[in-house]
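A short write-up of the structure that comes next.
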Amino acid sequence: MATHYMGSPVDNAIIEKLHVGDKVIINGVVYTARDAAHKRLINSIQKKEKPPFDLKGQIIYYTGPCPAPPDKIIGSAGPTTSGRMDPFTPTMIENGIKVLIGKGKRDNSVVKAIKKHNAVYLATIGGAGAYLAKKIASVQLIAYPELGPEAIYRLELINFPCFVAIDSKGNNIYNKF
């Protein structure tokens with residue numbers, strides 16, 4: 001298993017180097033989105049409206065950060081269960097998203113979209129939201145503030161740890177255990 005460093009926007013060359021089980025350290029921008037934000041993004045795409053950020057080559061982190069304590073820029077920011085985004089993910093990938101970050105298994109439609117569009121699914125540490133929040137250098141609200149923690153935020157990450165759970169060839173770490 002190798003260790004790779006990734007920023008965004010992500011290009012195909014880095015995706016093709018990643019193999020299931022490899023460690024990936026992210027330094028750069030990611031966008032948060034959970035269920036409600038995904039539903040709105042998909043509605044926007046279906047209506048041919050411009051999404052609130054350019055999806056091409058971007059990274060989506062499935063998290064709903066807790067409010068920031070007085071001395072912090074963000075509260076706990078652990079991954080949510082990725083399967084809740086499965087109905088939306090193939091369309092997100094078709095429209096340019098290259099990297100998905102969350103935890104847990106994905107359905108076959110997601111694996112097919114990952115393979116077809118040369119994307120990758122990364123898993124990060126569940127139950128470690130306070131630790132992962134320390135890897136976030138900046139936070140900016142981008143869209144849907146009425147969704148509270150489920151709004152879309154632009155996060156700048158520093159040395160954010162992940163592992164390749166499904167690579168661009170469809171190899172799936174959840175099928176190994």
Side-chain angles (χ1 to χ4, degrees), residues 1-35 37-39 41-42 44-46 51-64 77-129 131-132 135-136 152-177:
M1 289 182 238
T3 298
H4 305 272
Y5 292 85
M6 179 186 291
S8 63
V10 179
D11 64 31
N12 284 330
I14 184 77
I15 296 289
E16 291 166 4
K17 292 179 184 176
L18 303 176
H19 302 283
V20 72
D22 285 354
K23 185 175 181 179
V24 177
I25 305 296
I26 299 180
N27 288 293
V29 171
V30 304
Y31 293 90
T32 68
R34 291 182 47 159
D35 324 31
H38 271 75
K39 187 173 183 176
L41 285 167
I42 296 301
S44 174
I45 290 168
Q46 289 172 340
F53 65 96
D54 185 3
L55 304 180
K56 301 289 184 209
Q58 293 304 320
I59 303 171
I60 294 279
Y61 179 27
Y62 303 142
T63 188
T80 195
T81 303
S82 301
R84 294 180 5 217
M85 268 57 71
D86 283 353
F88 312 111
T89 301
T91 301
M92 297 291 286
I93 292 172
E94 289 167 14
N95 283 276
I97 295 296
K98 293 303 265 182
V99 180
L100 320 155
I101 304 173
K103 65 177 182 182
K105 294 180 178 181
R106 308 308 300 266
D107 73 18
N108 286 336
S109 68
V110 173
V111 176
K112 286 179 184 176
I114 285 171
K115 287 172 62 176
K116 182 177 180 181
H117 298 283
N118 199 38
V120 66
Y121 171 53
L122 305 177
T124 194
I125 310 159
Y131 167 76
L132 293 171
K135 304 293 184 180
I136 300 170
I152 295 177
Y153 294 90
R154 180 185 184 274
L155 306 180
E156 185 170 343
L157 305 183
I158 297 176
N159 294 325
F160 191 90
C162 299
F163 291 90
V164 177
I166 302 173
D167 65 27
S168 61
K169 304 200 176 29
N171 298 308
N172 190 335
I173 201 164
Y174 295 103
N175 292 341
K176 294 186 176 230
F177 303 102

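The first residue of the sequence shown is numbered 1, and numbering continues consecutively from there. For clarity, every value in this text was computed on a predicted model and none was experimentally measured.
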Of the non-hydrogen atoms in Leu18 and Asp167, which two are nearest, and what is the gap between them?
-> O-CB, 3.6 Å

If every non-hydrogen atom of Ser8 is compared with every non-hydrogen atom of Val29, which pair is closest and at what distance?
-> OG-O, 2.8 Å

Run the numbers on Ile101 and Ile26 for side-chain contact (heavy atoms from CB on, under 4.5 Å), then give the verdict.
-> CA-CA 11 Å; Ile101 304 173; Ile26 299 180; 3.4 Å; yes

Tell me, do Val99 and Ile60 make a side-chain contact under 4.5 Å, heavy atoms counted?
-> no

Backbone N/O of Val111 and side chain of Asn108: donor-acceptor pair under 3.5 Å | no

Which residues satisfy the ring-ring contact (aromatic ring centres under 6.0 Å, His included) test with Tyr121, sequence neighbours excluded?
-> none

Drop me the distance from His19's NE2 to Asn171's CG, to the nearest 0.5 angstrom.
-> 9.0 Å

Approximate separation, where rounding is to 0.5 Å, of Tyr153 OH and Ile136 CD1 | 11.5 Å

Separation between OG1 of Thr81 and OH of Tyr62, rounded to the nearest 0.5 Å = 11.5 Å

Derivation of the side-chain contact (heavy atoms from CB on, under 4.5 Å) call for Leu132 and Tyr61 | CA-CA 12 Å; Leu132 293 171; Tyr61 179 27; 3.6 Å; yes

Indicate the ring-plane relationship of Phe53 and Tyr31, choosing parallel, tilted or perpendicular according to the 30° and 60° boundaries.
-> parallel

Measure from the side-chain N and O atoms of Asp22 to the backbone N and O of Met1, and report whether any donor-acceptor pair falls under 3.5 Å.
-> no

Grab the two heavy atoms, one from Asn95 and one from Leu55, that are nearest each other, plus how far apart they are.
-> O-CB, 3.5 Å

Could you give me the CA-CA distance, side-chain angles and deciding distance for Ile173 and Val164, then say whether side-chain contact (heavy atoms from CB on, under 4.5 Å) is met?
-> CA-CA 8 Å; Ile173 201 164; Val164 177; over 6 Å; no

Quick one: pull up OG1 in Thr80 and CE in Met85 and give me the separation to the nearest 0.5 Å.
-> 5.5 Å

Report yes or no: does Thr124 contribute a side-chain atom to a donor-acceptor pair with the main-chain N or O of Pro161 at less than 3.5 Å?
-> yes

Single hit among Lys105, Arg106, Lys115 for side-chain contact (heavy atoms from CB on, under 4.5 Å) with Ile166 | Arg106

Does any N or O in the side chain of Tyr174 come within less than 3.5 Å of the main-chain N or O of Gly104, such that one atom is a donor and the other an acceptor?
-> yes

Residue set satisfying side-chain contact (heavy atoms from CB on, under 4.5 Å) with Glu156, at least two apart, ordered chain then number -> Ser138

Distance col, row His38:NE2 vs Thr91:OG1, nearest 0.5 angstrom, shows 10.0 Å

Do the side chain of Thr32 and the main chain of Gly64 share a donor and acceptor less than 3.5 angstrom apart?
-> no

Donor-acceptor under 3.5 Å (Ser82 side chain, Lys103 main chain) = yes

Are the side chain of Lys98 and the backbone of Asn118 linked by a donor-acceptor contact shorter than 3.5 Å?
-> yes

Side chain of Thr3, backbone of Lys23: donor and acceptor closer than 3.5 Å?
-> no

For the student: nearest non-hydrogen atoms of Ala77 and Thr63, plus distance | C-OG1, 3.5 Å

Gap between atom OG1 of Thr89 and atom CG of Leu100 - 0.5 Å precision = 6.0 Å

Whether Asp86 side chain and Asp107 backbone form a donor-acceptor pair below 3.5 Å = yes

Taking every heavy atom of Tyr131 against every heavy atom of Lys135, the minimum-distance pair comes out as OH-CE, 3.3 Å

For Ile152 against Ala33, the heavy-atom pair lying closest together | CG1-CB, 4.5 Å

